[in-house]
Structure formats: structure tokens, C-alpha cells
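The first residue in the sequence is number 1, and the count goes up from there. These numbers were taken from a predicted model, which means no experiment stands behind them.
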Amino acid sequence: MKPLRLGKNTRSLKPDLLLLELVTILLFILFMFPFIMVVLNSAKTSREIIFDAIALPANWNQLWVNVGLIFNNPTVDYLGAFVDSIVITVLSLLVISICSSMAAWILVRNKTLWSTILFMAFVSAMVIPFQVLMYPLVRWMRVIGEFLHFRLLGTVGGIVFAYLGFGSPLSIFIFHGFIKNIPLEIEESATIDGCPKSTVFFRIVFPLLQPIIITVLILNGIWIWNDYLLPLLVLGSNGRVQTIPIAVTAFAGAYLKQWDLILTSTLIAMLPIIVLYIFAQRYIIKGMVEGSIK
């Protein structure tokens, strides 16, 4: 057996790897710098932030003082906005996951011209800019609400309905690719045994979608929790129902910006979604991989 000869490419592998690691570290610092600034300035007063935003906090206990000022603020119901955000996010994810998976299953199993056209319409909807739909969305939600005698604007049901419309195209696209790899014979066996379509889906197909459902929930959850523009249009800035991003902007007035409360409330808003992403990021990769190679 001839000995293995190391070429120039092998000898240059180590410097290339070192360069890649340096670039990765620089990108990490670049992307983490805004978060670090939010953490540092959350433990300061507005005066300290204005005079030296980069310096370390003189007293870290100021963070808890700012948290108390936020939750006891007489003009901003931050705790109510936090609860509203949780309710809106949970309901929206529940509706999107169930409706999108059912729609994708029907589009996959009914291979007709119309199903292909509908699927392409959903895919095409992903490339339409949201700014094009902002004002028609508000107008038609008002018209539909008046026609059905059911208020959509300014309500939890209205914002959940809006998130269903904007979250379905990507979710259906993801579910569609995953369901195509589920053997049809499993569903046919259940149908032969006398199971109706609803039972076949919820008892057989839906449990098999667990990896990709988690992926869809996380991707949509991060978007819905952090979204500002759609809740602003549907709920309004001074409505009875508010989300955390809208509540955060309430600390920035026309003549006075409470930077200590703005940054502290932003930090509080980021923490739940950061913790969720840290513990669930492996499910995103797992769901995408299983959907592509199954």
C-alpha cells in the first residue's frame, strides 16, 4: 500500500479554518453587540444612558428599579400587554398549525389541477410585500366585520384571523413538503377499516407531523411575538388589546423618551423568545432535515 501524501490543500487547511473561526467570532460579536447594549443600559437611568451609553452600569440594582417602574407605570399597562401577547401568540399558533396542516394534507392527497393552482397561489403569496396589503387589509377587515356584525379591528379574534392569513402560506409550503413523504398506504389502511377523513387526519397523519409542527410553531412564534406593524394596524396604538411591541413604544413620547424604561421593557420582551429559541433550536433543524430527506 502506497503511503498517503499530503498535498498543498491539506497543509493550507489549518490557516483557512483559523480564518473561518475569526470571521465567525467577529460576526458573533457584531450580532450580539445590540443585545449587550440593551442589557447594559437596562440597568441605568435615562441620564446615565444619554451621557455614556457604552459604560458599565454604576449600580446593577437599577435594573430591578426599572422593572418595577415598568410594571407599576400608571399610563402603560405592560403586564396586560404581556398577557395579551401570550394569548394572541398561543391562539395564532394553534390556528395556523391546525388549519395549515389540514390544507396542506388536502392539497397533497387530491392531485388535481385546482389543488395545484391553489398551492401555487399560496406559494406566490409569500413573495407579496406586506406594505402592499396594509391599507386594503384594514379596510376589508372593517367591511367584513360590519357585514358579519362581528368586530375584527381592535380585538383578539381579528388579529388572530390576520395572523392566520399571513402565516398560512409559509406553513402550508412547509407542511406540503413533509406530507408528500408520508406513505399513502397508512391512510388507505385506516380508510379500509372504516375511519372517516377527520379521524385519518387527526389520529394518523397529525401525530406524524410532530417534528415539522414544532418547526412551524417556533418560526411563526418568533415572528408573531416580535411583530409590531400588524398589531399596530389591527389593534391600534391606544386600543383595549395591546401587544408588547406596542406597549414598548408607549414609553417614547413626542417630547420625552424614557430610554431606561424603553430598553428595560425591550429586554423583558426578548427574554421569553430567547429562552424558547435556545431550548427549541434543535427541533427547527430536525424538522427541516426530516422534511427534506424522509
Side-chain angles (χ1 to χ4, degrees), residues 19-73 76-86 88-90 92-93 130 163 167 170 214-232 237 242-253 256-288:
L19 178 62
L20 184 61
E21 290 178 351
L22 290 176
V23 173
T24 304
I25 293 173
L26 289 176
L27 289 175
F28 175 77
I29 296 174
L30 178 64
F31 282 99
M32 286 299 296
F33 183 74
F35 178 73
I36 294 173
M37 292 297 297
V38 170
V39 174
L40 293 179
N41 291 293
S42 295
K44 298 179 183 178
T45 62
S46 290
R47 180 182 177 86
E48 292 173 338
I49 295 172
I50 293 172
F51 279 95
D52 196 352
I54 304 179
L56 292 174
N59 183 12
W60 283 98
N61 290 329
Q62 183 64 35
L63 174 62
W64 306 112
V65 174
N66 293 341
V67 171
L69 292 174
I70 289 171
F71 285 100
N72 296 317
N73 194 289
V76 180
D77 186 10
Y78 191 83
L79 181 60
F82 199 93
V83 174
D84 289 341
S85 288
I86 294 176
I88 291 171
T89 303
V90 171
S92 299
L93 293 179
F130 174 73
Y163 277 129
L170 177 61
I214 296 176
T215 302
V216 170
L217 291 179
I218 295 172
L219 293 177
N220 286 294
I222 294 174
W223 159 56
I224 293 172
W225 182 267
N226 295 322
D227 189 27
Y228 170 73
L229 189 53
L230 186 57
L232 179 65
S237 59
Q242 287 190 338
T243 59
I244 287 181
I246 296 177
V248 170
T249 59
F251 293 112
L256 176 64
K257 291 179 173 57
Q258 301 170 286
W259 288 112
D260 51 345
L261 303 187
I262 292 173
L263 294 172
T264 305
S265 59
T266 302
L267 177 63
I268 297 173
M270 288 192 299
L271 288 179
I273 209 68
I274 290 174
V275 173
L276 173 64
Y277 185 79
I278 290 175
F279 286 99
Q281 60 178 335
R282 62 190 182 95
Y283 293 106
I284 299 178
I285 302 173
K286 179 181 177 182
M288 288 297 188

For Thr264 against Asp260, the heavy-atom pair lying closest together: OG1-O, 2.6 Å
Closest non-hydrogen atom pair, Lys44 against Asn66: O-ND2, 3.1 Å
Nearest-0.5 Å distance, CG of residue Asn41 to CD1 of residue Ile49: 4.5 Å
Between CD1 on residue Ile214 and CG on residue Leu219, distance to nearest 0.5 Å: 12.0 Å
Below 3.5 Å, can you tabulate the donor-acceptor pairs from side chains in residues 24-40 to any protein atom, sequence neighbours excluded?
residue, atom, partner, partner atom, Å
Thr24, OG1, Leu20, O, 2.8

From OG (Ser42) to CD1 (Ile262), nearest 0.5 Å: 11.0 Å
Inter-residue atom distance Thr243.OG1 - Ile88.CD1, 0.5 Å rounding: 6.0 Å
Geometric class of the Phe251/Tyr78 ring pair [parallel <30°, tilted 30-60°, perpendicular >60°]: tilted
Expected output: side-chain Glu48 to main-chain Thr45 donor-acceptor under 3.5 Å: yes
Heavy-atom pair with the smallest gap, counting every atom of Val76 and Ala250: CG2-CB, 3.6 Å
Pairwise distance CD1(Ile70) to CZ(Phe82) - rounded to 0.5 angstrom: 11.5 Å
Main-chain N/O of Thr89 paired to Ser92 side chain as donor or acceptor, under 3.5 Å: no
Heavy-atom side-chain contact between Trp225 and Ile86 under 4.5 Å: yes
Approximate separation, where rounding is to 0.5 Å, of Trp64 CH2 and Leu69 CG: 14.0 Å
Greater than 12 external heavy atoms within 6.0 Å of Trp259's CH2: no
Close side-chain approach of Leu63 to Leu267, heavy-atom, < 4.5 Å: yes
Closest non-hydrogen atom pair, Ala43 against Pro57: O-CB, 3.5 Å
Check: Pro231 and Tyr163 side chains under 4.5 Å, non-hydrogen atoms: yes
Test item: Asp227 and Phe130 side chains (from C-beta on) under 4.5 Å apart, heavy atoms: no
Distance-minimising heavy-atom pair for Ile244 and Ser85: N-OG, 2.8 Å
